[in-house]
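For the single chain, residues carry numbers from 1 onward in sequence order. This structure is a prediction, so every number in the text was calculated from the model and none was measured.
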Amino acid sequence: MDHAAYLGFIPPFLAITLALVTKDVIFSVFLGIASGALIHAGGDPFAALIHVTDLLADKVADEWNIRIFLFCGLLGGLVGLLARAGSARAFGQWTTHFIRGRRSAQLFAWIFGLLIFIDDYFNSLAVGSVMRPITDRRQVSRAKLAYILDSTAAPICIIAPISSWVVTVISQIRQSSGFAELGIGEMSFFVNLIPYNLYALFTLLMVVMIAATNRDFGPMAESERLAGEGVMLYNAERYGSAPGEMNVHQEARGAAWYDMVLPVAVLLAACTVAFPVTSHLALEPGQTIGLIDAFRTADASKALFYGIIFSLVVIYLYFLARRILTLKLASESIIEGIKSMVPALVILMLAWTIGHIISKPLSEGGLGLPPYIDQLIRANAFPLWLLPLCVFLISCLIAFSTGTSWGTFGIMIPITLPRAISLATAQGFDADGVMHTACISVAAVLSGAVFGDHSSPISDTTILSSAGGGCPHLEHVTTQFPYALFVALCAAVGIVVGGYTLNPWAAFGSTLVVFFPAFFIITRKGPEGGGAGGMSWRRKKEMD
């Protein structure tokens with residue numbers, strides 16, 4: 001036995017509960033890590049302390065993690081450069097020509113998020129850096145911006161044909177027992193999953209509905225009311241400080257709207273080009289690779305790190321050449337921007353560590369919660385039509401507890417795919433029936449994993465969406481969870497129908513039938529503010 005059984009639930013439960021009670025994410029997640037280390041050490045506090053410090057160092061020293069860590073910090077430096085140069089302010093003023101209210105600001109953020117489908121980290125931080133001055137000006141709460149960022153990060157990455165997420169999913173599908181019997185390529189199989197991936201599809205629809213109708217519910221409605229009335233964009237008293245928030249004491253003058261557009265275009269182009277470049281750099285001499293395969297096999301951490309380094313150098317020199325910033329001001333702004341990201345980086349480091357404690361087996365320093373859940377799954381037999389719902393719920397639980405959707409893919413797809421094929425074959429289904437059973441079951445895993453990643457306080461995507469939106473992490477988690485849960489419940493209805501009918505259109509249509517009336521029942525109209533004078537919250541904050 002390489003797991004701690006039910007004790008593996010203690011660290012995530014403790015971290016999430018304490019975070020909601022104390023409003024201190026860093027303290028709460030650290031206590032969750034400490035509790036897991038104490039369980040692993042058999043109650044020895046000294047051994048637990050050593051284990052925690054070693055894990056923290058190992059997580060930061062990991063090649064993938066350190067590149068993502070540096071990418072986030074340097075992107076904060078780039079945002080600081082744009083803020084000090086005044087380009088963010090100039091771009092916000094320019095957008096008044098076509099973004100005239102809260103609705104259009106939110107829809108613009110949604111569209112921009114759909115375009116950045118290569119990587120979820122890049123999506124949350126890049127779109128957030130562009131949209132924050134625009135949504136601030138239109139009195140859209142930071143919580144709403146963070147929600148839009150989070151809802152167009154994982155959900156779009158898991159249905160786009162080319163993304164770092166799809167590579168992971170395809171690799172798990174290809175290696176799963178019984179997949180070869182389906183007689184279909186892994187990419188074709190993935191495309192067949194898309195109409196069954198109800199949580200991702202309806203999360204994207206939910207953003208459009210919220211933005212277009214100006215309707216909200218739960219804690220988000222209160223955050224939007226405060227922003228729309230010009231009181232505050234985020235509630236620091238209730239939820240703590242916002243990551244990525246900078247005090248720009250000396251803003252340069254003379255910047256134009258294109259001084260924001262050009263740097264963002266450089267960043268997007270540099271990171272996009274860097275994805276296939278990393279694949280080509282990894283080839284042996286004489287080897288060749290196609291462009292699509294180069295994107296699929298790219299190392300996202302290297303691509304993002306190369307892209308931000310190149311972009312920061314080019315944009316730094318650009319602002320000096322334009323004489324918008326002096327050498328001293330440009331350097332100070334980068335440092336200020338990196339400093340603003342420190343709280344988010346600390347939370348990210350702790351999230352990686354608690355993820356290790358929860359998910360890794362006892363032999364690797366963790367508590368083995370996923371293997372324990374795997375054991376529970378194998379010990380129970382499910383009716384075939386309920387299999388998709390069962391794997392959806394279990395995937396939700398694993399991803400929410402561990403904060404990782406990729407880890408959930410690795411655990412659940414190799415279990416689910418062969419089981420779905422064997423059950424369908426045993427019940428006499430034809431080839432088409434077996435295929436649809438496999439599709440709805442694997443898609444249910446993807447939906448559950450994305451829901452858990454979307455709603456978990458210790459998910460790295462959730463943390464980076466808070467940073468990208470400049471929203472206190474707990475405010476983002478608290479306001480987003482009811483929305484994520486609503487979509488998950490609607491998707492569960494469609495998954496049950498899909499499991500029974502094995503028809504993607506029946507699954508999608510039944511979810512749609514539940515979604516629309518329920519949406520208008522539980523939501524209510526929000527503030528209509530967002531005019532050009534929508535910065536009164538600053539004056540209110542200064543007066544307070």
Side-chain angles (χ1 to χ4, degrees), residues 154-155 158-159 169-170 172-173 176-179 181-182 184 186 189-203 370 373-374 376-400 405 408-455 484-515:
I158 198 59
I159 60 176
V169 171
I170 287 177
Q172 293 295 336
I173 291 171
S176 295
S177 174
F179 174 70
E181 300 171 10
L182 295 177
I184 188 174
E186 54 269 17
F189 182 79
F190 176 82
V191 172
N192 289 338
L193 299 180
I194 294 175
Y196 281 120
N197 197 343
L198 299 175
Y199 181 80
L201 295 171
F202 277 83
T203 294
I373 295 175
D374 178 17
L376 295 178
I377 295 170
R378 294 179 186 276
N380 294 277
F382 305 116
L384 182 57
W385 67 274
L386 273 182
L387 178 64
L389 178 64
C390 291
V391 298
F392 171 70
L393 296 176
I394 294 167
S395 299
C396 288
L397 175 63
I398 294 174
F400 184 82
S405 50
T408 306
F409 300 152
I411 295 162
M412 291 299 297
I413 291 176
I415 296 171
T416 301
L417 184 55
R419 178 154 296 193
I421 293 172
S422 63
L423 285 175
T425 303
Q427 294 190 19
F429 284 24
D430 60 15
D432 190 56
V434 173
M435 177 67 70
H436 279 284
T437 301
C439 285
I440 180 65
S441 300
V442 175
V445 171
L446 304 188
S447 286
V450 173
F451 165 76
D453 181 88
H454 196 197
S455 56
L485 182 60
F486 169 75
V487 176
L489 292 174
C490 294
V493 173
I495 288 170
V496 171
V497 173
Y500 188 78
T501 64
L502 299 181
N503 186 309
W505 303 115
F508 188 89
S510 58
T511 309
L512 209 61
V513 168
V514 173
F515 177 87

| request: Kindly indicate whether the side chain of Pro155, heavy atoms from C-beta on, has any atom under 4.5 Å from the side chain of Val450. | output: yes
| query | With side chains defined as the heavy atoms from C-beta onward, is the minimum distance between Leu393 and Leu397 less than 4.5 Å? | reply | no
Quick one: [atom1] on [X] to [atom2] on [Y], what's the gap to the nearest 0.5 Å?
X      : Y      : atom1 : atom2 : answer
Gln427 : Ser422 : CD    : OG    : 10.0 Å
Leu389 : Trp385 : CG    : CH2   : 8.0 Å
Asp453 : Cys396 : CG    : SG    : 11.5 Å

Enumerate, atom names and distances included, each donor-acceptor pair closer than 3.5 Å involving a side-chain atom of residues 429-440, sequence neighbours excluded.
unit_1 : atom_1 : unit_2 : atom_2 : d
Asp430 : OD1    : Asp432 : N      : 3.3
Asp430 : OD1    : Gly433 : N      : 2.7
His436 : ND1    : Tyr196 : OH     : 2.9
Thr437 : OG1    : Gly433 : O      : 2.8

| Val442/Phe189 under side chain to side chain contact (heavy atoms under 4.5 Å, CB included): CA gap, chis, key distance, verdict | CA-CA 10 Å; Val442 175; Phe189 182 79; 4.3 Å; yes
| side chain to side chain contact (heavy atoms under 4.5 Å, CB included) partners of Ala399, counting only residues at least two apart |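 Once residues adjacent in sequence are excluded, the partners of Ala399 under the side chain to side chain contact (heavy atoms under 4.5 Å, CB included) criterion are Thr408.
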| note | Taken in chain and number order and not counting sequence neighbours, the residues that satisfy side chain to side chain donor-acceptor pair (under 3.5 Å) with Ser405 are none
Just distance, no hydrogens or angles: give the donor-acceptor pairs under 3.5 Å from side chains in residues 489-496, sequence neighbours left out.
none

| Which atoms form the tightest heavy-atom contact between Val391 and Ser441, and what is the distance? |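 What the structure gives for the nearest pair is CG2-O, 3.6 Å.
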| request: Might you point out which heavy atoms bring Pro388 and Gly499 nearest each other, and give the distance in Å? | output: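 In this case the closest contact between Pro388 and Gly499 is CG-CA, 4.0 Å.
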I'd like a table of donor-acceptor pairs (distance under 3.5 Å, sequence neighbours excluded) in which one partner is a side-chain atom from residues 504-515, with atom names and distances.
unit_1 : atom_1 : unit_2 : atom_2 : d
Ser510 : OG     : Ala506 : O      : 2.9
Ser510 : OG     : Ala507 : O      : 2.9
Thr511 : OG1    : Ala507 : O      : 2.8

| said: Checking Phe451 now: which residues fulfil ring-ring contact (aromatic ring centres under 6.0 Å, His included) with it, not counting sequence neighbours? | reply: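 Checked Phe451 against ring-ring contact (aromatic ring centres under 6.0 Å, His included); matches are Tyr199.
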| Going through the distances and angles, do Ile413 and Leu446 end up as a side chain to side chain contact (heavy atoms under 4.5 Å, CB included)? | CA-CA 9 Å; Ile413 291 176; Leu446 304 188; 4.2 Å; yes
| Over 12 foreign heavy atoms within 6.0 Å of CD, Glu181 |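 No, not enclosed.
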